[in-house]
Chemist: 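Handing you a structure now.
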Amino acid sequence: MKKFYIWIIFSLIGVGIGIAAMFYDDMLKSSGTVAIPSVKLPFNSFIAGTGIVEAKSKNIAVSSSFSGIVKAVYVQSGEKIQKGMLLFEMDDTLLQSNILIAQAGIKAAEATFISAKHHFELIENFKNVSPQMVTKEKYMQSQDHFHEAKELLEVSKTKLAALKEQSNLHKVYSPIDGIVLRSEISRGDFFDSRSNALLIGSERVNVRVSINEYDISKFKPGTKAVAYLRGNTKKNIGLKYAYTIPYVVPKTNLTGRSTERTDTRVLQVIYAAERTKTFPLYVGEQLDVFIQTPEQEK
């Protein structure tokens, strides 16, 4: 009987040792994790904010005057562009048909005008030779037909010029020198005039820094700032103050959606930044920004 209890005690001790070994092993594994690197703060006194990289020209969503099918695309993402460069064309098959019809209408109007002109000149000659041969009513009627034919010809030419001008609107050109930030259009796609499928911007970039409303009183325009890459605290770059947007807005950079609801409001400050080989900067990239506060100057 005593042996039985002894075996039970030893069994319980063995189970306890096993459980303790499991916990000890987990502790050893967890202790092998790498610590988050600390950031060497650039200023003794500062305020921190989130920075979003954007083109200096702002991110321009290129659009057309109307929606339709894409006929041809001439640029791709990352490609450098010049002002006036053709970016893409919309399908203008129906418009070209209307231009052919308008050209035929001009020919018909020209024929009518020539006929009316000859008829009026003939009546006018008869009247000059012998006024009794042409009644006043007939003369006025011939003159009216001539002026109507002339106006009809002018209207037909104006209509053709308008159609050709509209044809030019099917071609979309770059308004600036810069780079294609993103191109998501292809030949045959339906392009919505309100779409942002084609984004362009200048090659120079700015950083839009959002300062929490509780730190606005500490901020002083013109102060220095330093930006750090997220996930790499060893890389940083100095920022040059550009301007402050004097309108406090709701903070929306958590999800990037304009419909996001939050009680926090931020002041947006624009800083100029220079790309380098070690700090390339991509539009849309988030940075950790530290802005010097006036206390540092004292």
Side-chain angles (χ1 to χ4, degrees), residues 51-103 157-209 227 237 239-240 242-243 245 249 252-253 255-260 268 270-277 279-287:
I52 303 294
V53 180
E54 63 182 18
K56 188 175 182 180
S57 63
K58 306 294 177 58
N59 304 337
I60 302 173
V62 180
S63 184
S64 65
S65 302
F66 48 85
S67 303
I69 304 299
V70 177
K71 179 180 179 181
V73 181
Y74 301 103
V75 294
Q76 298 298 329
S77 299
E79 186 174 340
K80 292 184 179 180
I81 53 178
Q82 290 79 41
K83 183 177 181 179
M85 181 177 176
L86 183 59
L87 302 178
F88 67 95
E89 288 186 69
M90 304 289 288
D91 182 74
D92 61 348
T93 303
L94 180 60
L95 183 60
Q96 291 301 324
S97 298
N98 291 334
I99 289 176
L100 292 176
I101 295 173
Q103 289 173 338
K157 290 181 177 179
T158 302
K159 183 178 179 180
L160 177 61
L163 288 173
K164 288 183 176 180
E165 185 65 26
Q166 187 177 351
S167 177
N168 292 332
L169 297 178
H170 284 69
K171 297 180 180 181
V172 180
Y173 299 89
S174 173
I176 63 168
D177 293 332
I179 189 172
V180 179
L181 301 175
R182 182 183 68 192
S183 176
E184 295 182 350
I185 58 175
S186 302
R187 180 180 177 182
D189 286 347
F190 179 82
F191 184 82
D192 190 336
S193 60
R194 297 168 296 178
S195 170
N196 60 352
L198 180 61
L199 289 178
I200 66 172
S202 59
E203 292 192 75
R204 298 183 67 87
V205 295
N206 286 337
V207 178
R208 182 184 295 262
V209 184
I237 187 173
L239 303 178
K240 184 179 179 181
Y243 60 91
I245 300 176
V249 297
T252 57
N253 63 341
T255 64
R257 298 178 181 176
S258 60
T259 56
E260 178 185 1
Q268 295 182 321
I270 308 300
Y271 280 88
E274 294 289 340
R275 286 190 173 107
T276 64
K277 292 182 178 179
F279 211 102
L281 292 177
Y282 297 98
V283 173
E285 182 179 9
Q286 283 193 337
L287 304 172

Chemist: Checking S64 side chain against S193 main chain: does a donor-acceptor pair fall under 3.5 Å?
Modeler: no
Chemist: With sequence neighbours excluded, tell me which residues meet ring-ring contact (aromatic ring centres under 6.0 Å, His included) with Y243.
Modeler: none
Chemist: Checking side chain to side chain contact (heavy atoms under 4.5 Å, CB included) against F88, which of V75, V62, D189 comes through?
Modeler: V62
Chemist: What closest approach, in Å, do S202 and K56 show between heavy atoms, and which atom pair accounts for it?
Modeler: OG-N, 3.2 Å
Chemist: Would you find a donor on one side and an acceptor on the other, under 3.5 Å apart, between the side chain of S77 and the backbone of S183?
Modeler: yes
Chemist: Sequence neighbours left out, what passes side-chain hydrogen bond (donor to acceptor under 3.5 Å, both in side chains) with R187? Give chain and number order.
Modeler: none
Chemist: Looking only at heavy atoms, what is the nearest atom pair of I52 and Q286, with distance?
Modeler: CD1-CG, 3.2 Å
Chemist: Looking only at heavy atoms, which two atoms of R208 and K58 are closest? And how far apart?
Modeler: NH2-CE, 3.9 Å
Chemist: So, the side chain of R182 versus the backbone of N196: is there a donor-acceptor pair under 3.5 Å, distance only?
Modeler: yes
Chemist: Considering all heavy atoms of both residues, which atom of A102 and which atom of L160 are nearest to each other, and what is their separation?
Modeler: CB-CD1, 4.0 Å
Chemist: Rounded to the nearest 0.5 Å, how far does CG of N59 lie from CG of L181?
Modeler: 5.5 Å
Chemist: Quick one: closest heavy-atom pair of A273 and L239, and the distance?
Modeler: CB-CD2, 3.7 Å
Chemist: Check V70 against F191 and note the closest heavy-atom contact, atom names and distance.
Modeler: CG2-CB, 3.7 Å
Chemist: Applying side chain to side chain contact (heavy atoms under 4.5 Å, CB included), can you list everything that pairs with E274, at least two apart in sequence or on another chain?
Modeler: R204
Chemist: Treating D177 as the side-chain partner and K83 as the backbone partner, does any N or O pair qualify as donor plus acceptor under 3.5 Å?
Modeler: yes
